[in-house]
Participant: 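The structure's right below; bear with me while I get my questions together.
In each ligand, atom 1 is the first atom listed, and ligand 1 is the first ligand listed.
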Amino acid sequence: MKSVQWHDTHITILNQQALPHKTEYLELKNIKDVWDAIVTLKVRGAPAIGMTAAYGLALAAQSYETDDLATFHAQLKHDRDYLASSRPTAVNLFWALDRLVKSVANATSVNEAKTTLIHEAICIQIEDEDVCRRIGEHALSLFQDGDRIMTICNAGAIATARYGTALAPFHLAKEKGITLHAYACETRPVLQGARLTAWELSEAGVDVTLITDNMAAQTMKAKHISAVIVGADRIAANGDTANKIGTFGLAILAKAFNIPFYVAAPLSTIDLQTKTGDDIPIEERAKEEVTHIGGVRIAPDVNVYNPAFDVTPHELITGIITEKGIIFGDYETKLPTLFEEVLA
Ligand code: MRU
């Protein structure tokens with residue numbers, strides 16, 4: 001089941017807003033459709049947002065009616081900025097868009113640039129599958145048969161090209177005949193844990209138990225949770241990590257219970273330009289996400305604070321699991337070394 005797929009005239013996405021009731025694919029036919037799908041969370045999760053935006057930019061560029069490279073680059077920059085305005089926190093969005101723009105910097109014709117953009121976007125998706133598998137293998141080395149592991153939001157196959165980041169070890173364990181028990185926090189306000197993670201893991205035959213977010217402490221204690229693993233939307237240079245709202249709370253609880261707390265993310269989620277978590281822009285979303293559930297009002301019309309993400313300080317993170325391996329502490333020194341080979 002692919003979260004996003006390129007077709008020559010359009011992009012299809014799995015509509016994550018319709019899950020788990022309906023498995024529905026939507027056709028995105030122009031850049032506005034792509035922007036809208038990202039803003040309304042029909043496609044979500046940092047790597048999937050990046051892939052979709054990359055395809056969206058490649059799609060938009062196909063309709064530019066110019067043979068002049070300077071005009072082409074100006075239009076591309078305009079559309080890059082438009083797609084970049086869809087969501088502020090997940091750095092994969094900007095990473096993917098900038099990678100596409102860079103890929104055509106030396107193009108010698110508009111036609112060549114148009115083809116290159118499609119190729120680059122497809123590469124991002126192909127690479128992401130491999131990256132997620134590697135993250136899963138590294139993560140799996142931390143766990144043992146029978147472990148009970150808590151997670152939040154959906155950092156799964158549908159948030160990436162395949163396997164997911166935080167959910168990759170569950171999928172790989174299943175493939176290898178190892179039993180891992182997932183405890184999924186429902187993840188208010190928009191319930192990515194209940195609607196998406198519980199669905200994705202149960203569909204894959206992984207043992208998953210759903211809890212509401214306020215049951216985390218009791219569950220850690222009563223069910224002897226062995227570890228917490230979460231995804232990330234942006235990891236700052238010092239290791240501070242933005243992820244779905246509620247992640248920070250889980251990290252504090254994990255510390256209180258002496259449970260290891262892991263962040264699983266690709267290098268494309270690490271933003272060395274952002275020094276600390278205080279510099280990460282935190283998206284605030286519509287109040288209706290809190291006052292309503294599934295379109296039904298559950299609260300009076302009062303003031304609402306609805307941050308979509310929080311930042312877990314690096315001191316609370318036991319290890320960051322990437323496709324290049326796992327780093328434990330001293331993130332400020334170790335994170336840049338992950339890029340050495342990439343930059344060489
Ligand atoms: O608002 P969302 O659903 O896009 O938030 C997603 C998360 O916070 C995920 O944990 C993160 O993007 C990692 S997805 C592999």
Participant: Does Thr89 have any side chain to side chain contact (heavy atoms under 4.5 Å, CB included) partners at least two apart in sequence or in another chain, and if so, which?
Facilitator: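 Side chain to side chain contact (heavy atoms under 4.5 Å, CB included) check on Thr89 returns Asp233, Ala242, Ile280, Glu283, Phe309.
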Participant: How many angstroms lie between atom CD1 of Ile327 and atom CD1 of Ile320, to the nearest 0.5 angstrom?
Facilitator: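 If we round to the nearest 0.5 Å, Ile327:CD1 and Ile320:CD1 are 5.0 Å apart.
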Participant: Can you confirm whether Lys287 is buried at NZ, in the sense that more than 12 heavy atoms of other residues, nucleotides or ligands lie under 6.0 Å from that atom?
Facilitator: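 It does: Lys287 NZ has more than 12 such atoms within range.
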Participant: Show me, by chain and number, every protein residue that has a heavy-atom distance under 4.0 Å to ligand 1.
Facilitator: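 Within 4.0 Å of ligand 1, the protein residues are Arg44, Gly45, Ala46, Pro47, Arg87, Cys153, Asn154, Ala155, Ala159, Thr160, Thr165, Gln192, Ala232, Asp233, Asn243, Lys244, Phe309.
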Participant: If you look only at pairs with a residue in residues 12-58, which of them pass as a ring pair (Phe, Tyr, Trp, His ring centres under 6.0 Å), with sequence neighbours excluded?
Facilitator: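 Only Trp6-Tyr55, Trp35-Tyr82 qualify under ring pair (Phe, Tyr, Trp, His ring centres under 6.0 Å).
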Participant: Does Asp271 have any salt bridge (Lys or Arg N to Asp or Glu O under 4.0 Å) partners at least two apart in sequence or in another chain, and if so, which?
Facilitator: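 With neighbours one apart ignored, the set is Arg234.
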Participant: Using 0.5 Å steps for rounding, measure from the CE atom of Met220 to the OG atom of Ser226.
Facilitator: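 It comes to 11.0 Å.
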